[in-house]
Amino acid sequence: MKRHLFHTLILLVAFFGCWALLARVPWTKMMGYKPQVDSVEKEVGNLAWRAVGLQMEAVKDSYYMAPLDSIVTRLCEANDIERKEIKLHLVNDKMVNAFALPDGHLVVTTALIDTLRHADELAGVLAHELGHVYHHHSMKSLVKEVGLSVLTGTVGGGEQARRLFKHILSTAFTREMEGEADEFAIDVLFNSDINPAPLADFLYRMWQENQLEEAVLEWASTHPNSNKRATRILEAVKKRNEKEKSSQATTSFRPALHATTWSKWKEDLRQL
Amino acid sequence: MVVRSPFPYSPTESECEKAAYSYMIGLFAVVVALPLPIINLLTACFFYLANRRATYFVRFHSLQNVVAQLPLFVANSVGFWWTVRVLLGWWEPASDLYFGYMLTIILANVIEIIGTIYSSIQVRKGQHVEWWVFGGLTHFFCKP
């Protein structure tokens with residue numbers, strides 16, 4: 001009996017050992033494998049953006065888009081994210097919000113930009129939303145809430161599609177997804193040499209305003225526990241600074257946008 | 001992996017034929033029902049149940065086939081459902097870990113197929129064969 005158990009153990013070790021060895025080979029790199037966006041997610045993303053476009057006025061002028069585009073491009077290039085997979089949209093709306101839709105659509109409102117005090121805060125918000133895009137949180141939330149069959153059924157459009165996309169705009173991600181997006185944002189910002197602390201400042205400011213005002217800012221209402229998230233981000237910054245101190249490496253942060261560019265852009269957006 | 005060993009008695013021609021079928025029937029099932037892992041296991045189980053009152057030689061080899069199929073069924077099922085999740089694409093893309101696992105179970109299946117063919121040939125000739133690990137476990141459950 002002992003001999004049989006020993007042989008069984010050897011067989012298990014051989015199986016997992018073989019798996020561990022083969023897993024060390026960079027198969028995905030060798031094959032040039034890139035995960036393909038599912039066609040349903042592509043269709044849902046396009047429909048979602050069309051639904052948003054019906055409710056909000058999209059700003060298409062490249063003059064207004066350029067600063068936003070430069071921040072997103074910097075974040076993507078520093079983190080090996082394919083820029084062309086991110087479909088960036090600026091909408092002229094009074095709702096203070098930025099949100100991610102399926103298939104890489106990222107929407108920012110002019111009211112949000114007006115609320116922010118520093119370009120690094122915007123970079124932080126964009127990095128956070130990029131986290132939702134990168135982890136396909138929109139699609140995962142939708143599939144969980146309405147089911148896959150409903151989603152594939154709405155691809156054709158119609159009343160069901162309109163109801164579905166109202167749901168997209170009001171859906172909040174789970175706490176785990178928000179945590180994941182925050183972790184992603186911190187890494188992305190550090191890799192882009194952008195200070196994450198302003199993002200924490202913004203979150204804390206939103207939490208304070210949420211506590212004091214009855215009018216709830218939309219971004220804060222779909223992103224609860226902002227004060228805890230702000231604390232977590234500041235702890236991550238502190239840890240990184242300590243790590244750099246011990247390794248004697250230094251990260252010199254560069255602003256996401258030049259101060260003049262930022263203030264001029266905000267002024268121009270107010271005129272829209 | 002598969003070793004010849006002495007058997008308590010010399011099996012008859014019909015016993016050898018039946019015992020060889022227990023291995024062959026599994027191979028036919030794999031060809032017909034790939035990639036569903038359960039078909040092979042079900043075929044082996046049905047064959048054993050149909051022959052559970054047969055002679056020791058037939059019972060041993062049909063049970064040995066079942067015992068050998070069980071861990072492979074578990075490994076193949078994990079591979080099957082992991083592949084479904086990867087194909088759906090949203091939860092996880094294919095990774096080096098995934099490809100490593102698929103290659104491992106392909107290797108395990110190839111070894112199993114070679115062992116099955118060899119066992120079938122030897123058993124048809126009247127030669128008793130035992131698989132490493134699975135032969136010993138079969139002795140535990142199957143008595144003369």
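Here the structure is a predicted model, which is why all the values come from computation and not from measurement. We name chains A, B, ... by the order of the sequence lines, and we start the count at 1 in each one.
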**Asked** Under a 4.5 Å heavy-atom cut-off, does chain B meet the side chain of A/Phe16, its backbone, both or neither?
**Response** neither
**Complete:** Bottom line for A/Met30: the part with an atom under 4.5 Å from chain B's heavy atoms is neither
**Message:** Which label fits B/Tyr23 and B/Trp131: parallel for a plane angle under 30°, tilted from 30 to 60°, or perpendicular past 60°?
**Reply:** parallel
**Contact winner vs chain B - A/Thr8, A/Leu21, A/Leu22, heavy-atom pairs under 4.5 Å** = A/Leu22
**Prompt:** So which of A/Trp27, A/Phe6, A/Trp19, A/Phe15 has the biggest tally of heavy-atom pairs under 4.5 Å with chain B?
**Reply:** A/Trp19
**Prompt:** Using the benzene-type ring in the case of Trp, are the ring centres of A/His4 and B/His139 under 6.0 Å apart?
**Reply:** no
**Request:** Quick one: sort the B/His61 and B/His128 rings into parallel, tilted or perpendicular, breaks at 30° and 60°.
**Result:** perpendicular
**Asked** Relative to each other, are the rings of B/Trp132 and A/His7 parallel, tilted or perpendicular (30° and 60° limits)?
**Response** tilted
